[in-house]
Amino acid sequence: MAEKDYRLSPRVDQVGIQDRVDRITKRSVKNAAKRKGLYMALNMIDLTTLEGADTDSKVKQMCYKAQHLHDSFPGLPTTAAVCVYPNFVKTAVQEVKGSGVKVASVATAFPSGQSSLEIKLLDTKIAVDNGAHEVDMVISRGKFHSGEYNFVHDEIAAIKEACGKVRLKVILETGELGTFDKVRRASDIAMDAGADFIKTSTGKISPAATLPVTLVMLEAIKDYYYKTGKMIGMKPAGGISNSKLALHYLLMVKETLGGKWLSNEWFRFGASSLANDVLMQIMKQESGNYQSKDYFSKD
Amino acid sequence: MSRIEIVKTYKIYIGGKFPRTESGRYYQPEANGKVLGNICLSSRKDFRNAVVAARSAQGGWSAKSAYNRSQILYRIAEILEGRKNQFIEELIQQGSKKAQAEKEVDLSIDRLIYFAGWCDKYTQIFSSVNPVASSHFNFSVPEPTGLVAILAPEESGLLGLISQIAPTIAGGNTCIVLASENKPLCSVTLAEVLSTSDVPGGVINILTGNRKELIPHFAAHMDVNALVYSGDNAAEIKSIHEAAVDNLKRVIIRDGGNYVSDKHENPYLISSLQETKTTWHPIEKIGAAGSGY
């Protein structure tokens, strides 16, 4: 098969994307749907800590939080997963055992991706061997910008092979890609190379996830699904810190890809402070009073 | 040539910006048979947004040096002085006599300066070193209560409003004020003064609207640390006390009466919105003869 020319990926109508996002953000979500959406969002969160200052205890604390979001109110779901650096995978796996919460690990020289393939493979292998359920890799943005699309493709494919059955999320780092056209192109490359999920950002670069960029990626997923019949997941990450925004994301997923994608198997939020805001909104719905951060566990 | 009179739309003041109420509702208070303006009928969502703005301003405001807070209060007074005529005019529109209006504006400016002076002095007055039997250096200092919701007096549209705001922010708190329902003009003009003085956005937020509608939300919001009520409606006071229980808000009831009186110039108005922090600092020895410090 001749190599695919990714320069031929569809162009994105920037004004159209922005317009559609504007219409989604102006919609008001009413009570019953809002409540359902909030519970759903909570269950889609990858609770994340990716700091240089992370310690075993901090990871343990976060794993506890993932399973006990707000114990004084029964009936809340857990988050979908916790997301940590490879050296904390072992600790995290132990902590979430039996709870259904998955452990995702970033790998491949996160967040810059500037390293050799050997090291990236080893990084992945360490995460997988330690029991990570999911791997979040970063693409080589430098190579992407130099037009070496096949290099990027093959690298993703190699990491996917190293992952085996472990689900692979491919981080495009859209904040460094520049244009929607390039985001679309990178999405196509990642999906062709075997990504199970495509993810917007590392959270280390601004802008991180935005609604328009996510919409571009969702459209790419839709086209890929029509072409191949294969479902690809989506994970916006970084900068999603309030419930209203989370609900807008869910609306966008539902309207672009359909209800099939509305589970944490196909859609995730990469976030650290979103959980508390969603909790506060849920408690507001339940009690009628606006809440204060003082009464929720710190992240 | 006759011209069509333009009725000003007074917007609310949240986080240093002037949004319209998210509810899109308005009311038109009248005085002497004349419409005063289009005034926002704020909703609980506006209040909620104001709380978010005030909460995020709280840390920065209380961390400013006392001297700097004092400078900022003084600056409000300066700008107010410059726009004196507008305030006088509005007070007259709302039914005051000219002499009365002039006096009210002068007193309002003076009151700001009075509290500006207290910013870096009240901690000395209300702090103490406490005698204890163990070998500790034990001292108490006042710290700001936090986010204060204020139901401003109904009758005194400018002076009453400033008399509530000044001691609150002088003590390092942030506030959300519901202005007088029937005399709201000065409150919105004051917001215009605030936005051109050096008060950081979110420290003072001013809403206009229906008192009865908003009181339950002011009292029940979990992120409000204290509520100041000016007035004497027994039913309202009772409902505030009940709704405030959930997060043990500090509730302060002040009379809505005569703000001209100098009983509204005293530092206890600052200390009533302070929490006392006591520190037990271990030392080697105590006693005058062999003090450890």
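Reckoned from all heavy atoms, side chains included, excluding hydrogens, waters and symmetry mates. As the structure is a computational prediction, the values presented were derived from the model and not from experiment. Each chain gets a letter, A, B and so on, in the order the sequences are listed, and its residues count up from 1.
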Counting neighbours of CZ on A:Phe73 that are heavy atoms of other residues, nucleotides or ligands and sit closer than 6.0 Å, is the number greater than 12?
yes
Kindly indicate whether the side chain of B:Arg44, heavy atoms from C-beta on, has any atom under 4.5 Å from the side chain of A:Tyr290.
yes
Proximal component of B:Asp246, with respect to chain A [non-hydrogen, under 4.5 Å]:
side chain
Give a yes or no on this: more than 12 heavy atoms of other residues, nucleotides or ligands lie within 6.0 Å of atom NZ of A:Lys293.
no
Is B:Arg55 in contact with chain A via its backbone, its side chain, both, or neither, using a 4.5 Å heavy-atom distance?
neither
Can you confirm whether more than 12 heavy atoms, excluding those of B:Glu213, are under 6.0 Å from its CD atom?
yes
For atom NZ of B:Lys11, is the number of surrounding heavy atoms from other residues, nucleotides or ligands below 6.0 Å larger than 12?
yes
Which value, rounded to the nearest 0.5 Å, describes the distance between B:His221 atom NE2 and A:Lys284 atom NZ?
9.5 Å
